[in-house]
Amino acid sequence: MGFDTIPQAAEEFNFSAKTGVRLMLLSIVCGIVTYSIITLAVAAVIPYQELLALNPVWHTGYTVSLSLGKVGSIVLALAVLSAILTGINGFFIASSRLMFSMGRAHILPVWFSSLHKTHKTPHNALNFTLVVVAIAPFFGREVLSWVVDMSSIGTIVAYFFASASAFVIMRTHEDNCNISGIFGCMASLVCLGLLTLPMSPACIGPESWHVLVAWFILGVFFYIVRYKAVHAISEEERTYMILGESDLKEHIAQRAASKPDQLAA
């Protein structure tokens with residue numbers, strides 16, 4: 001999910017959207033290569049049947065310690081720590097910017113859209129994220145895994161809506177059939193089925209379902225609470241607060257005239 005932090009903070013970038021797309025694709029490729037190398041390295045040290053029979057706490061750590069000793073374990077620990085810290089940093093930025101955008105659109109209270117006078121960062125959203133992430137680890141690893149499962153389903157639903165929106169926007173404003181939007185919707189439905197269908201080996205557990213239901217109820221509650229505030233502003237005003245122009249078609253036309261490569265991306 002790390003690549004998804006790029007569009008959340010895209011407004012603050014000083015390079016084109018085409019470069020952002022390349023960065024996202026490159027991050028996905030790097031992730032695939034890294035995990036593939038780790039899997040092949042573990043498989044090269046010991047047959048998987050023997051490894052499963054030993055049932056170590058951490059299969060990768062066990063094989064590295066077995067083949068490279070303490071020095072290899074330290075190098076692996078530093079690599080894992082780097083991966084964790086970069087992930088935390090990326091998600092921290094993405095979460096705060098997402099809440100900032102939702103506050104600017106009045107979906108969340110406008111308190112989240114406040115910018116720091118000196119640094120011009122969404123300090124209220126950053127502080128709120130800080131409090132949440134500081135409390136979360138005390139619930140334990142098992143509870144966090146339930147939240148991860150719940151978030152995976154939420155992410156898939158978000159990708160479905162994003163893909164469907166891209167398809168509708170391209171067809172409505174550009175008179176063009178966005179094939180990638182169709183494939184995005186199909187991929188989202190497949191992934192959703194893998195996580196929710198009982199016959200799937202990736203189906204989430206009952207505890208994760210309970211957390212998902214609780215999160216859904218919380219979402220409905222906030223929707224009811226914020227309903228009047230959201231509908232108190234016009235669609236043109238909301239589009240202006242998010243995109244900088246009051247009309248979506250005008251926004252697309254201006255982007256195409258100034259930076260055609262960004263629209264293509």
Side-chain angles (χ1 to χ4, degrees), residues 1-9 28 31 84 87-113 122 124-168 181-233 238 242:
M1 290 305 301
F3 72 94
D4 192 45
T5 63
I6 296 175
Q8 310 299 347
I28 296 173
I84 293 173
I88 291 174
N89 186 50
F91 284 122
F92 202 98
I93 294 175
S95 299
S96 60
R97 269 57 179 182
L98 181 61
M99 287 188 290
F100 166 74
S101 298
M102 295 176 71
R104 191 165 53 180
H106 290 206
I107 298 173
L108 289 178
V110 294
W111 179 81
F112 287 97
S113 65
N124 287 341
L126 282 167
N127 292 332
F128 180 83
T129 305
L130 174 63
V131 172
V132 173
V133 299
I135 296 174
F138 293 98
F139 287 97
R141 180 176 180 177
E142 191 67 23
V143 174
L144 291 179
S145 67
W146 301 342
V147 175
V148 170
D149 291 340
M150 178 270 296
S151 301
S152 298
I153 293 180
T155 302
I156 292 171
V157 174
Y159 275 132
F160 176 84
F161 275 100
S163 300
S165 299
F167 173 77
V168 172
I182 297 177
F183 281 118
C185 292
M186 295 173 59
S188 299
L189 292 176
V190 170
C191 293
L192 184 62
L194 290 174
L195 288 177
T196 57
L197 296 178
M199 71 285 297
S200 171
C203 182
I204 64 175
E207 296 86 358
S208 300
W209 277 110
H210 297 158
V211 175
L212 180 62
V213 171
W215 190 255
F216 175 80
I217 294 175
L218 187 64
V220 172
F221 170 76
F222 273 101
Y223 176 80
I224 295 174
V225 170
R226 297 296 303 171
Y227 182 84
K228 290 184 178 180
V230 170
H231 290 273
I233 60 176
R238 182 179 294 107
I242 297 176

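Sequence positions, counted from 1, serve as the residue numbers for this chain.
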**Study point:** Note, F222 side chain near I107 side chain (heavy atom, < 4.5 Å)
**Key:**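 No, their side chains stay 4.5 Å or more apart.
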Review point. Does the side chain of F160 come within less than 4.5 Å of I156's, by heavy atoms?
Key: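 Answer no - side chains too far apart.
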Are the side chain of [X] and the backbone of [Y] linked by a donor-acceptor contact shorter than 3.5 Å?
X    : Y    : answer
S200 : L197 : no
S96  : L126 : no
S95  : F92  : no

Identify the two heavy atoms, one from [X] and one from [Y], that lie closest to each other, and give their separation to 0.1 Å.
X    : Y    : result
M99  : F112 : O-CB, 3.5 Å
S163 : G181 : CB-O, 3.4 Å
R104 : S113 : N-CB, 3.5 Å
A125 : F100 : CB-N, 4.3 Å

State the [atom1]-[atom2] distance between [X] and [Y], to the nearest 0.5 angstrom.
X    : Y    : atom1 : atom2 : answer
S208 : I153 : OG    : CD1   : 8.0 Å
I182 : F167 : CD1   : CZ    : 4.5 Å
L108 : R226 : CG    : CZ    : 7.0 Å
L130 : I135 : CG    : CD1   : 9.5 Å
S188 : F183 : OG    : CZ    : 13.0 Å
F138 : L144 : CZ    : CG    : 11.5 Å

Exercise for review: Go through the structure and list residues passing side chain to side chain contact (heavy atoms under 4.5 Å, CB included) with M150, not counting sequence neighbours.
Suggested key: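 Counting only residues at least two positions away or on another chain, M150 forms a side chain to side chain contact (heavy atoms under 4.5 Å, CB included) with V147, V211, L212, W215.
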Point to revise | Parallel, tilted or perpendicular, as decided by the 30° and 60° cut-offs, for the rings of Y223 and Y227 | key: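 Plane angle over 60°, so perpendicular.
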**Study point:** V131 vs N127, side chain to side chain contact (heavy atoms under 4.5 Å, CB included): CA-CA, chis, key distance, verdict
**Key:** CA-CA 6 Å; V131 172; N127 292 332; 5.7 Å; no
